[in-house]
Amino acid sequence: MIYIILNIVCVLFLIFFTHLMDAKQKTSTSSTSSLSIAMLITAIESILFVLVLIMQRTGFTALIVPIMRIAFAIDGIAFVTMTFSILDMANLKKHAVISVLKIILIVFALFIAFFKFKTIDISFENGIVIDADYLISGPARQFFPITWVSLYAGLYRYVIPLAGLLFLYLIQEDKNATQLEKYQTVVMGEGVLMMWLINLAIKFISTAAPAFSLLYMFSYLFMYVVFYMAISKISVPSGKAMFVTMFKSVVSYILPAAFVGVLSMFLQPEENIFTTVFIASFVGYSIAAVLFSLWISSVLSSSSRLYTADYEASLEKDLANVDYKESEMDQITAKMFEIMRRNVESSSMSVYILSGQNELDVAYSSNNMDIKIPLNNPMFDALLNINKSIVVKSQIVKEHDLAVVQKELEEFFRVTKSDALFILNEGHNIFGIITLGTKASGDHYKEYDYNVFVKLYSYFFVFGYYMRNISNKDVLGVVNREIKMSSQIITSIQENIDHVKTPKVDIGYMMVPAHNIGGEFIDMIRLTENRHLFVVGDLSGKGIAASMNMVILKSIIRSYLAEVHDFKQLVVKLNTFVRDSLPKGTIFAGLFALIDFETDTMYYINCGVPALMMYTQVYNNVIEIQGSGHILGFVKDLTPYVSVKTTKLNHGDIIMACTDGLIQSHSLRGEQFGKERVQQAILDNSTYPAQRMAQFTFEGLLKFMSKEMEDDVSILVIKYEGLPEEEKKEEAAPAEGEVEASTESAETPSEEPVDSQMDAVADETVTPESAAAEMAAAETETNEEAAPEAQAEPEAEAPVEEEKHAIADDDLTMPEGFEMPDLSDLDAMMKEAGL
Amino acid sequence: MYKTRKRAVIISINVLTVVCFIAACLLLLPVKKVEGYSVITLVVTFIVFFAAVFWGNRFRSYLMARVRKETLESGETVILNDFIDRLRFCYSLDDFYVVIGDILEKQGDCSVLLVDRTKNYILYNSPNRTSTSETVRNKLDQHFTESWPDGFYFFDRHIGVTTNYRKARGFFMCCDGYHLYVFCRYTRLFDLDVYKRLFEEYKRFVSRSRTITTLSEISATTKEWEQLAETQQSFLPQKIPNIPKLKIATYYRPLVNVSGDYFSILPIDSSKTLLMLGDVSGKGLPAALIMGLVMNTVKIIEDKEDLVGVLHAIDKAIKGMHLQDKYTVLFLSIVDTEKMRIRYINASMSDPIILSPSPDGYRIKPLTSNASLIGILDVGDVTVAEKRLFRGDTILMATDGVSEVMDDSGVELGDTDIYKKTLMAGAAKEPQQMVDDIVDLIWKYNGDKKLHDDVTMMIAKVGY
């Protein structure tokens with residue numbers, strides 16, 4: 001009964017593996033298609049054999065002999081098919097001789113099975129007993145005691161497969177087959193050997209237990225399984241790998257099997273084996289041995305410490321463990337090579353990093369390569385275009401995409417003595433490549449290696465990125481220390497500000513760099529007791545270089561103030577300085593505002609600050625009072641582009657200027673902060689002190705963005721307290737008078753006729769109302785009230801304004817009114833201010 | 001799910017193998033007929049054992065692959081698997097946001113919130129009610145603080161951590177201060193086993209993006225420093241102006257790329273030229289700043305003939321910086337080729353010299369110091385010194401980097417005869433030739449060692 005069950009199991013397995021083999025052939029390109037046919041034939045044979053066994057069991061013996069004949073004939077046919085399918089692996093051309101030979105062998109098998117086997121007896125006691133004549137009748141028989149049965153078995157089981165394998169091996173040698181193909185042949189040879197061994201073992205056992213010969217199908221099963229494994233091989237293991245595999249099979253199969261076998265051998269009682277003691281002990285050690293064997297094999301196959309041809313997991317683990325922070329570059333490269341050597345068996349590794357001249361230079365090489373690789377090689381472009389960052393040499397001929405650059409690639413691999421190429425690129429810019437030498441076994445990288453590389457590409461990218469940034473960095477330590485120091489230095493210089501002391505005004509400002517120090521600054525310079533110059537600006541460029549320019553510009557403004565006595569001229573000169581003396585391409589967007597506290601007037605030139613807002617307490621609204629100016633550093637002579645505007649400041653008015661960092665920052669959703677939000681912030685916080693206003697506006701921005709800042713932000717808030725209440729009332733009339741004048745002049749900026757030689761300080765007067773009129777948003781009640789008033793007596797007020805400007809001009813241009821301090825005074829003042 | 005099924009497979013395979021082996025063996029073992037032991041028994045048990053275990057192993061790996069495919073690689077878990085696969089190729093947070101959008105949001109309908117807990121920034125949030133809600137954010141802030149240990153967790157509908165993933169409203173992962181919250185009502189459908197891999201990959205991503213960021217910063221810093229050096233060098237004369245009767249050659253070699261040495265050649269009119277050479281104390285950015293300041297201050301001064309005024313302007317500019325202990329030594333001179341004289345202020349520079357031809361070779365006339373350090377002390381009264389120049393005179397100005405080069409025995413170059421000889425010999429040559437000779441000497445004298453200071457010099461030859 002057990003024999004029937006085991007044979008049924010065998011049939012199922014055979015069918016299952018035939019199916020697997022068939023599925024494999026559909027996907028793979030190898031021409032092993034007939035191998036599955038051989039397996040199928042074997043499966044049919046085993047089905048027939050099972051049928052026979054069942055017939056025997058049920059006593060239905062009439063058909064046993066004919067069926068067995070068919071089965072034996074099929075046995076031979078299966079071997080012939082199998083052998084010829086093995087030969088097919090060498091991709092031989094269809095040859096008439098081969099086909100004829102095949103047919104002859106098949107016919108011969110049929111002939112022997114049907115005509116030369118005399119009796120066939122199948123029983124559960126005696127196994128398979130076939131009787132046949134001796135091949136040679138006569139005395140020579142003594143020397144060649146060969147029956148038709150042994151001839152049949154010897155020829156089809158031994159000679160034909162062996163001949164097929166040897167033939168295949170020779171062809172492969174001749175055709176220069178790949179290592180993998182040769183290795184597959186070897187594994188198949190092992191399969192055939194295994195079949196022989198099992199057959200011999202069965203034969204040996206059948207001397208004691210003849211029924212064992214009924215299990216002969218199992219030898220075929222094992223053979224085909226090994227064949228299947230051979231075909232599934234994707235890489236050639238090194239000697240080490242083979243050793244490891246052998247070690248694994250010894251530990252997980254042979255040793256436990258031997259243990260169980262030896263124990264049973266000694267423990268088995270005579271005659272009756274079903275004694276309680278034996279069964280109990282047998283069950284006991286069997287369970288232990290089987291579980292151990294299963295456990296150890298699963299442990300060994302998943303252990304990364306032991307070498308495995310399927311190295312993906314252990315390679316990834318190793319790569320993930322590389323710590324770029326704590327090691328020196330030499331150690332990292334050595335470690336990386338060691339990882340590749342151990343897991344992938346790469347014989348060498350080189351890293352080439354982009355140097356200045358569009359060339360890749362050796363940054364690391366385990367085999368001391370010393371070549372430069374020009375990036376203008378068309379293969380790089382071609383590879384990037386097809387989005388291929390990794391190429392292994394064995395792909396070149398196989399992949400159509402690579403056909404266009406086949407020559408270049410082959411040349412490249414030859415020159416760099418490598419077998420695999422990793423391109424490290426950011427977008428379309430290559431910053432480096434990694435090359436790997438052939439495997440230590442001399443073999444090329446395969447599909448499997450390629451797939452693993454692709455999967456783990458990110459680790460190679462990080463490694464390359466590291467190499468790019470760390471190589472040639474001998475001054476790294478110095479630089480890092482200096483940079484840390486420099487932000488402190490720059491910040492302390494930025495804070496060199498003459499703070500305004502007059503109670504008429506409340507100043508608040510914030511300068512917040514986004515990442516590191518940059519080119520933005522706010523400066524206040526005290527000119528006289530009643531005059532203060534405010535500068536808010538942004539120098540182009542990033543980082544320390546921009547900061548350096550900023551520091552110089554700050555100092556130069558003060559130096560110029562010692563020489564230049566005209567507001568507009570100061571800006572014109574600064575433009576020339578930025579353009580000619582600072583590094584090429586430097587520009588400066590800034591606001592220059594001069595406030596005269598005595599006349600409550602602000603003169604300003606806006607050279608490109610994006611937002612200059614003014615809040616008027618009387619109307620409780622915020623308007624933009626963009627001045628007219630031009631970013632410094634573009635044109636040679638700025639004179640035609642700038643004009644000084646003035647605006648009258650009243651109690652409670654607020655001026656806010658900020659750089660584009662505030663206006664143009666985006667929220668997470670991509671929305672811009674925008675001017676409206678700034679205006680709203682001014683309105684909302686107008687009751688707070690200036691410093692708080694700047695702070696709240698900035699906090700509003702942070703909340704709006706709720707992420708890291710994109711750009712530097714500078715905010716200057718000037719809150720004009722003006723005169724005490726009573727005095728203010730007196731001033732009110734002329735102040736309003738100015739309104740009318742400006743509403744008219746708003747459309748056409750009027751050049752002041754005061755001084756033609758020196759530029760007029762105020763080219764245009766801006767008041768909240770004029771700006772509001774321009775904006776056509778003057779429908780508020782307050783504005784309507786102001787409008788008639790404005791129209792009422794325009795002429796009457798005009799002289800007043802002119803007079804005011806005349807005074808203003810005097811103040812600025814003539815040293816007698818307010819002497820323009822030179823720098824020594826400034827120094828003294830700064831000392832006074834406790835700076 | 002995956003884990004349970006995996007266990008089921010292992011246990012059933014183990015049991016099956018054991019049962020098969022024992023049954024087959026007992027049934028197959030032939031009766032022992034001899035005394036002692038029988039090799040047949042050994043062979044039979046050996047083969048049966050081998051076969052049983054071999055097939056057991058095969059079946060196990062086959063079934064494991066099936067189980068894996070059916071649980072982890074099918075159903076909703078696929079979404080997280082895709083996410084893991086894409087995560088492998090993320091190098092920066094920006095890449096990560098794209099993947100979140102593509103997989104978790106578009107395919108998985110999840111809403112995601114990524115918070116940098118150390119800075120308390122929201123790095124990313126999905127544009128929907130849950131992840132943008134203020135209350136949700138506050139709850140997350142309160143519940144999962146910075147000190148929350150790394151790992152993956154599930155949270156329930158109250159956004160409290162839960163172990164019952166069947167009732168989870170979502171999951172979150174913490175790694176190194178980066179908290180990734182994924183709100184997903186069908187979290188229970190993800191196979192539990194996927195989280196371990198997800199977290200592992202997330203951890204790798206965080207460390208990878210950190211590495212990349214650090215490296216980018218280093219590269220940016222280096223670039224910044226190079227830019228500073230470029231800016232600084234742009235302040236120096238880009239080419240030597242062509243001045244009649246005055247031939248000038250210069251040499252400038254900063255030790256690191258940023259330096260405190262400077263020189264300037266500014267023609268005032270057809271016969272007068274302002275020559276300046278100086279050295280700011282210290283190194284690095286402060287020195288570079290002062291250097292830039294001095295150069296530009298001098299450049300914009302209108303009356304450059306007033307050397308005392310120039311000196312005062314420089315002094316003021318430096319003092320205006322309020323940097324501690326920053327000063328400069330400097331040699332400031334106006335060479336007049338018409339009147340053949342040099343007016344100069346030497347503010348503590350190691351002596352510049354004039355090599356004057358005389359019947360018995362060249363005579364060395366030092367231009368001794370007549371002012372104190374600039375930028376730290378009160379300048380006080382400074383008088384401009386004046387010397388006559390003769391045709392063929394060579395003026396040599398150099399920072400102490402030249403004369404203080406040491407050989408192996410510690411002797412400074414300025415004290416050696418060979419230096420004087422080179423100067424004498426050089427004075428007869430073209431200025432550029434002389435500069436080259438001195439530079440050669442410096443390298444030879446210094447040996448293979450690294451220089452310790454910036455080296456700057458200027459040689460002007462009068463009358464040709």
Side-chain angles (χ1 to χ4, degrees), chain A residues 2 201 204-205 208-209 253 257-258 260-262 264-266 268 270-271 273 283 286-287 290-291 293-294 297 320 324 458 461-462 465-466 469 473 475-476 478-480 482-483 485-486 489 493 496 543-545 548-549 551-552 555-556 558-559 563 577 581 583 668-669 706-708 823 827, chain B residues 14 17-18 21-22 27-32 37-38 40-47 49-50 53 56-57 88-89 91 121-123 125 127 204 208 211-212 215 218-219 221-222 224-225 227-228 231 234 256 284-286 288-289 292-293 296-297 299-300 302 313 316-317 319-323:
Chain A
I2 176 74
F204 171 71
I205 297 167
Y253 296 111
V260 173
V262 170
S264 315
M265 181 168 81
F266 287 109
Q268 191 189 5
E270 264 174 76
E271 299 298 336
I273 59 165
V283 167
S286 295
I287 290 176
V290 168
L291 290 185
S293 174
L294 286 172
S297 67
Y324 291 98
S458 51
F461 180 86
V462 173
Y465 200 80
Y466 169 83
N469 289 301
K473 295 291 174 289
V475 288
L476 197 68
V478 183
V479 168
N480 267 335
E482 287 283 347
I483 294 278
M485 299 268 298
S486 32
I489 293 163
I493 293 173
N496 282 348
I544 306 187
M548 177 171 180
N549 291 334
V551 168
I552 289 168
S555 168
I556 291 300
R558 285 161 200 246
S559 298
E563 295 182 0
F577 176 77
S581 296
L668 273 174
R669 300 266 71 81
S706 67
K707 58 171 182 174
E708 268 180 287
L823 272 176
D827 246 359
Chain B
N14 284 355
T17 316
V18 168
F21 169 67
I22 292 172
L27 290 174
L28 283 178
L29 265 184
V31 175
K32 195 160 96 176
Y37 57 86
S38 127
I40 304 270
T41 316
L42 170 71
V43 175
V44 170
T45 36
F46 187 91
I47 290 180
F49 184 91
F50 187 87
V53 173
N57 265 328
R88 291 168 166 276
F89 294 95
Y91 303 104
Y121 281 137
I122 293 192
L123 297 173
N125 61 358
R204 286 173 184 174
R208 182 163 58 229
T211 311
I212 294 265
L215 291 173
I218 290 174
S219 127
T221 311
T222 322
E224 213 167 82
W225 212 239
Q227 275 172 359
L228 179 64
T231 307
S234 79
V256 213
L285 181 75
L289 278 180
L293 209 58
N296 284 292
T297 309
K299 209 182 264 178
I300 64 159
E302 274 173 11
K316 246 167 255 160
K319 283 178 180 158
M321 287 294 106
H322 301 279
L323 292 173

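Below, chain A is the first sequence line, B the second, and so on; all start at residue 1. What you see is a predicted model; the values in this text were computed from it and never measured.
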Indicate the atoms forming the closest heavy-atom contact of [X] with [Y], along with that distance.
X: A258(A); Y: L42(B); result: O-CD1, 4.3 Å
X: M321(B); Y: S555(A); result: CE-CB, 4.0 Å
X: M548(A); Y: L228(B); result: SD-CD1, 3.1 Å
X: I47(B); Y: A201(A); result: CD1-CB, 3.6 Å
X: F49(B); Y: S293(A); result: CZ-CB, 3.9 Å

- Polar side-chain atom of N14(B) near backbone of L291(A) as donor-acceptor pair, under 3.5 Å: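 Checked: no pair found.
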Look at [options] and state which one has the largest set of heavy-atom pairs under 4.5 Å with chain B.
options: I493(A), V462(A), N549(A), V290(A); result: V290(A)
options: P583(A), G261(A), S458(A); result: S458(A)
options: L294(A), I287(A), V283(A); result: L294(A)

Measure [X] against the heavy atoms of chain A and call it side chain, backbone, both or neither at under 4.5 Å.
X: T297(B); answer: both
X: R204(B); answer: side chain
X: F46(B); answer: both
X: T231(B); answer: both

- side chain to side chain contact (heavy atoms under 4.5 Å, CB included) between S559(A) and I300(B), worked out: CA-CA 8 Å; S559(A) 298; I300(B) 64 159; 3.8 Å; yes
- Please state whether the side chain, the backbone, both or neither of F204(A) comes within less than 4.5 Å of a heavy atom of chain B.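 Contact with chain B: backbone and side chain both.
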- Task: Return the option, out of Q227(B), R208(B), K299(B), with the maximum number of heavy-atom pairs under 4.5 Å with chain A.
- Result: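 Top option by heavy-atom pairs under 4.5 Å: R208(B).
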- If we only count heavy atoms from C-beta on, is the N296(B) to F577(A) side-chain gap below 4.5 Å?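 Touching, per the 4.5 Å side-chain cut-off.
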- Task: Sequence neighbours left out, what passes ring pair (Phe, Tyr, Trp, His ring centres under 6.0 Å) with Y324(A)? Give chain and number order.
- Result: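 Partners of Y324(A) by the ring pair (Phe, Tyr, Trp, His ring centres under 6.0 Å) criterion, ordered by chain and then number, come out as Y466(A).
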